[in-house]
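Counting starts at 1 for both ligands and their atoms, in listed order.
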Amino acid sequence: MGVVNVTPDSFSDGGRFFNPDAALAHARKLVADGADILDIGGESTRPGAAPVSEDEELGRVVPLLKSLRDAPLPISVDTRRPRVMREALAAGASLINDVEALEAPGALEAVALADCGVCLMHKKGDPATMQRDPQYADVVAEVKGYLAARIAAAEQAGIARDRIAIDPGFGFGKTPAHNLELLRRLDEFRSLGVAVAAGWSRKSTLGVITGKPVEQRLAASIAAALLSVQHGAHILRVHDVAETRDALAVWQALCER
Ligand code: 9MG
């Protein structure tokens with residue numbers, strides 16, 4: 001899943017694709033690089049990010065979706081707002097990636113009424129404050145219990161299990177130690193019976209481990225992506241599609257028979 005952030009302040013690409021033409025060109029590059037899914041986001045969810053208005057988010061996402069109507073792959077929209085979900089689905093999105101796991105009032109219904117997939121992600125706290133000393137007794141048990149409850153809520157709302165993926169939300173209200181524990185035990189999430197997604201690309205834990213700034217985290221991101229697959233991930237949310245595909249091809253040549 002290739003990331004297309006249409007935001008002036010995104011965590012990891014510094015707003016380079018905020019201009020609509022640049023965002024479209026970037027989306028097309030990720031398709032050419034071999035993405036299986038594009039994930040378009042109009043609101044930054046990085047730690048400390050300020051929320052944008054719903055109209056602003058729609059104005060960033062919907063025109064890009066319309067420009068990508070003929071794209072040869074499913075398009076995901078990263079949003080937590082039901083109105084953005086509905087309008088994005090009407091404009092051609094086929095997957096909703098929600099860092100709030102459809103908790104907003106009306107979000108379950110917005111997805112249930114459409115014939116789309118959904119990625120339910122765990123986060124603890126709000127982006128503005130979530131990295132201030134997050135605490136867990138057992139991070140895997142807590143995140144897994146939360147995601148199991150959100151799968152149940154989605155099914156009860158009429159979203160079939162085969163439309164659902166889950167994501168532990170690396171970096172969302174988690175310390176580096178929590179993120180590494182989740183990665184080490186990622187395979188435990190497979191028992192929930194849905195696809196598992198993982199997003200490590202350029203994240204701050206990789207900066208803590210390597211001492212590198214965000215623009216120098218490609219190698220670390222690829223290492224984390226491969227380890228995520230080795231530990232059970234089915235979907236990788238990444239900025240660097242071509243490089244990640246090459247690394248995966250080597251891994252698959254050795255490990256998949
Ligand atoms: C929007 N977004 C930012 N990071 C993410 C991650 O790790 N997973 C998912 N599903 N979405 C993310």
Side-chain angles (χ1 to χ4, degrees), residues 1-7 9-15 17 30 35-49 51-52 57 60-61 74-81 84-85 88 93 95-104 107 111 116-128 130-131 134 139 143 146-147 150-151 154 163-176 178-180 182-183 186 189 192 194-207 214 217 220-221 224-225 227-229 231-241 244:
M1 174 188 272
V3 178
V4 184
N5 286 318
V6 197
T7 59
D9 61 346
S10 91
F11 166 67
S12 47
D13 46 34
F17 310 117
L30 295 186
D36 293 318
I37 306 171
L38 293 181
D39 188 38
I40 297 175
E43 183 191 38
S44 173
T45 48
R46 78 184 158 84
V52 296
E57 188 182 351
R60 295 175 184 179
V61 167
I75 312 264
S76 161
V77 169
D78 150 25
T79 185
R80 38 192 182 162
R81 292 182 164 131
V84 178
M85 293 174 189
L95 180 73
I96 298 297
N97 174 31
D98 185 0
V99 301
E100 288 185 352
L102 304 182
E103 283 208 60
V111 168
C116 66
V118 63
C119 182
L120 305 172
M121 200 198 80
H122 174 273
K123 80 173 167 54
K124 187 162 183 152
D126 285 323
M130 66 190 176
Q131 289 308 106
V139 67
V143 173
Y146 171 83
L147 291 172
R150 295 313 299 159
I151 293 171
R163 292 170 57 193
I164 302 173
I166 50 163
D167 187 321
F170 294 107
F172 284 80
K174 285 128 190 150
T175 63
H178 294 139
N179 291 321
L180 291 173
L182 283 164
L183 177 54
L186 194 62
F189 288 84
L192 293 175
V194 298
V196 177
W200 271 95
S201 190
R202 304 182 185 175
K203 284 194 177 163
S204 67
T205 291
L206 302 176
V214 68
R217 293 183 194 154
S221 300
L227 286 163
S228 297
V229 172
H231 287 262
H234 304 93
I235 301 168
L236 300 172
R237 184 177 183 276
V238 305
H239 297 85
D240 302 289
V241 169
T244 309

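Between Ile166 and Arg150, the closest side-chain pair of non-hydrogen atoms is not below 4.5 Å.
Annotation: atom 3 (C) of ligand 1 to nearest protein heavy atom, Arg237 NH1, 3.2 Å. At the top of the distance list for atom 11 (N) of ligand 1, counting protein heavy atoms only, stands Asn97 ND2, 3.1 Å.
By the 4.0 Å heavy-atom criterion, Phe172 is counted among the residues contacting ligand 1. Under a 4.0 Å heavy-atom criterion, Met1 is not in contact with ligand 1.
In terms of heavy atoms, Ala195 sits closest to His234 at CA-ND1, 3.5 Å.
Every residue meeting the ring pair (Phe, Tyr, Trp, His ring centres under 6.0 Å) condition with Phe170, not counting sequence neighbours, appears here in chain and number order: Trp200.
In the model, Thr205 has a side-chain atom that pairs as donor or acceptor with a side-chain atom of Asn179 under 3.5 Å.
Rounded to the nearest 0.5 Å, atoms CG (Asp36) and CG (Leu30) are 11.5 Å apart. Here CG of Leu38 is found 11.0 Å from CG of Leu95. Values are rounded to the nearest 0.5 Å.
When only interatomic distances are considered, the shortest N/O to N/O separation between Asp39 and ligand 1 does not fall below 3.5 Å.
Of the candidates Asp167, Leu120, Asp78, Asp167 brings a heavy atom nearest to atom 9 (C) of ligand 1.
Listed by atom number, the atoms of ligand 1 under 4.0 Å from Lys203 heavy atoms are 4 (N), 5 (C), 6 (C), 7 (O). For ligand 1, the atoms lying closer than 4.0 Å to a non-hydrogen atom of Gly199 are 7 (O).
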